[in-house]
Amino acid sequence: MDEITLFFGGDICGAFGVDVALRTIPLLIKKEMPDFIIVNGENAARGSGIEPEQAERLFSAGVDVITGGNHSLERFDLREHFGNEPRILRPANYPMAPGAGCITVRKPHGTLTVINLQGRENMRPIDCPFQTADRLLQDIPEGITLVDFHAESVQEKEALAYYLDGRISCVFGSHTHTQTADERILSNGTGYLSDAGMIGSLHSIIGSSTDAGIARSLTLVPQTFELSETGTALFCGIIAIISLSTQRTLSLKRIYEIIE
């Protein structure tokens, strides 16, 4: 076979999102037979980061790499674990932080490098994701390369995708928790989706309780990020089929499942 299949899952929200992922990923493996599975886990631990035990359960279910974002480093008790497990990433363009933002995974059917970057538009300014990508791409081995671009701005996400078009296989966005319907294959073969969505509670406001979300918007007073941990579930992500010989994306298929 001259192709591999990879799945990138949207932001996992809370313990409920972890449980949803653990229930759904085995079914996804049977149906889609992905060679690599990547999920964003920056909201798994009550909205901020991911606990080592949660990560181990996801790895045991078939996940290869867990990416992060702006919430990955917020909890001091979890931050100290970064670097112990290389399969848990945080954005590579944090200038001085524990852990890493890039990993290469080798399997019998192919090699995959995952790069985790964070945007700067309407977010805390950190090192340039474009220049960070240039620097990392100088040293990665041959094979498939995926970027999880954790960013607020669709403009910035599209700009990075076109900037990297032909140099990597896929740029998939995370952070907004809302799946977009703009998947496309760019002219030089890079697959793109602005946001893969989330894994968590369907009846929520980006994963948090509706009461907290409404209060935050109505009063503009900061609210505790109370995650919805029960009810109907949402499982979002994207499947990409990629050529091993050219590293070009051949097809894309969004996954959006409502689970009672």
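Heavy-atom basis, side chains included; hydrogens, waters and symmetry copies ignored.
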In this structure, would [X] and [Y] fall into the same cluster of hydrophobic residues linked by side-chain contacts under 4.5 Å?
{"X": "L137", "Y": "V171", "value": "yes"}
{"X": "V39", "Y": "L22", "value": "yes"}
{"X": "I37", "Y": "I259", "value": "yes"}
{"X": "F16", "Y": "F235", "value": "yes"}
{"X": "V114", "Y": "F8", "value": "yes"}

Got a second to check how far [X]'s [atom1] is from [Y]'s [atom2], nearest 0.5 Å?
{"X": "N116", "Y": "S72", "atom1": "CG", "atom2": "OG", "value": "7.0 Å"}
{"X": "C102", "Y": "I140", "atom1": "SG", "atom2": "CD1", "value": "6.5 Å"}
{"X": "E257", "Y": "T24", "atom1": "CD", "atom2": "OG1", "value": "6.5 Å"}
{"X": "L244", "Y": "L250", "atom1": "CG", "atom2": "CG", "value": "9.5 Å"}
{"X": "L112", "Y": "Q247", "atom1": "CG", "atom2": "CD", "value": "11.5 Å"}

[Y] and [X] side chains, donor-acceptor separation under 3.5 Å:
{"X": "S174", "Y": "H150", "answer": "yes"}
{"X": "D195", "Y": "T176", "answer": "yes"}
{"X": "T145", "Y": "S169", "answer": "no"}
{"X": "D148", "Y": "T67", "answer": "yes"}
{"X": "Y192", "Y": "E158", "answer": "no"}

Chi angles and distances behind the side-chain contact (heavy atoms from CB on, under 4.5 Å) call for I239, L6: CA-CA 6 Å; I239 294 281; L6 66 82; over 6 Å; no
Working for side-chain contact (heavy atoms from CB on, under 4.5 Å), residues L160 and V147: CA-CA 10 Å; L160 183 73; V147 168; 4.3 Å; yes
NZ or CZ of R87 within 45° of F59 ring axis and under 6.0 Å: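 The answer is yes; both the distance and angle limits are met.
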With sequence neighbours excluded, residues passing salt bridge (charged side-chain N to carboxylate O under 4.0 Å, His left out) with R46: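 In terms of salt bridge (charged side-chain N to carboxylate O under 4.0 Å, His left out), with neighbours along the sequence ignored, R46 is linked to E51.
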Shortest non-hydrogen separation from [X] to [Y] and the atoms involved:
{"X": "P141", "Y": "R106", "result": "CG-NH2, 3.7 Å"}
{"X": "S153", "Y": "E121", "result": "OG-OE1, 2.7 Å"}
{"X": "Q54", "Y": "A44", "result": "NE2-O, 3.1 Å"}
{"X": "M33", "Y": "K30", "result": "CG-O, 4.0 Å"}
{"X": "T249", "Y": "G191", "result": "OG1-N, 3.2 Å"}
{"X": "A133", "Y": "L117", "result": "CB-CD1, 4.0 Å"}

Is the closest basic N to carboxylate O distance between [X] and [Y] below 4.0 Å?
{"X": "D19", "Y": "R57", "value": "yes"}
{"X": "R120", "Y": "E152", "value": "no"}
{"X": "E42", "Y": "R90", "value": "no"}
{"X": "D182", "Y": "R184", "value": "yes"}

[X] (side chain) donor-acceptor with [Y] (main chain) under 3.5 angstrom:
{"X": "D165", "Y": "N188", "value": "yes"}
{"X": "E85", "Y": "F82", "value": "no"}
{"X": "K157", "Y": "S194", "value": "yes"}
{"X": "Q179", "Y": "G237", "value": "yes"}
{"X": "T190", "Y": "L186", "value": "no"}
{"X": "E3", "Y": "I241", "value": "no"}

Distance-only donor-acceptor pairs under 3.5 Å for side chains of residues 198-207, two or more places apart:
from, atom 1, to, atom 2, distance (Å)
S204, OG, S201, O, 2.7
S204, OG, G207, N, 3.0

Worked verdict on I115 versus L146 for side-chain contact (heavy atoms from CB on, under 4.5 Å): CA-CA 6 Å; I115 298 173; L146 163 78; over 6 Å; no
Are the side chains of [X] and [Y] in touch, meaning some heavy atoms are under 4.5 Å apart?
{"X": "I50", "Y": "I66", "result": "yes"}
{"X": "L89", "Y": "I103", "result": "yes"}
{"X": "V63", "Y": "I38", "result": "no"}
{"X": "I242", "Y": "C170", "result": "yes"}
{"X": "T232", "Y": "I258", "result": "yes"}
{"X": "E156", "Y": "F149", "result": "yes"}
{"X": "D35", "Y": "K107", "result": "no"}
{"X": "R216", "Y": "V221", "result": "no"}

D2 vs S243, side-chain hydrogen bond (donor to acceptor under 3.5 Å, both in side chains): CA-CA, chis, key distance, verdict: CA-CA 6 Å; D2 181 47; S243 168; 3.2 Å; yes
Candidate list V65, T104, I144, test side-chain contact (heavy atoms from CB on, under 4.5 Å), partner T113, passing option: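 The single option meeting the side-chain contact (heavy atoms from CB on, under 4.5 Å) with T113 is T104.
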Listed once per pair and sorted, the side chain to side chain donor-acceptor pair (under 3.5 Å) pairs that draw on residues 5-14, sequence neighbours left out: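 Those involving residues 5-14 are D11-H177.
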side-chain contact (heavy atoms from CB on, under 4.5 Å) against E183, all qualifying residues, sequence neighbours excluded: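 Listed in chain order: L193, I238, L252, R254.
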Verdict with supporting geometry, F7 and L28, side-chain contact (heavy atoms from CB on, under 4.5 Å): CA-CA 9 Å; F7 171 76; L28 178 85; 3.5 Å; yes
Steps toward salt bridge (Lys or Arg N to Asp or Glu O under 4.0 Å) verdict (R167, D134): CA-CA 10 Å; R167 292 195 280 163; D134 285 338; 2.9 Å; yes
Counterpart residues, ring pair (Phe, Tyr, Trp, His ring centres under 6.0 Å), relative to Y163 (two or more places apart):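 Only F130 meet the ring pair (Phe, Tyr, Trp, His ring centres under 6.0 Å) criterion with Y163.
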Under the ring pair (Phe, Tyr, Trp, His ring centres under 6.0 Å) test, residues paired with F36 that sit two or more places apart: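 Counting only residues at least two positions away or on another chain, F36 forms a ring pair (Phe, Tyr, Trp, His ring centres under 6.0 Å) with H109.
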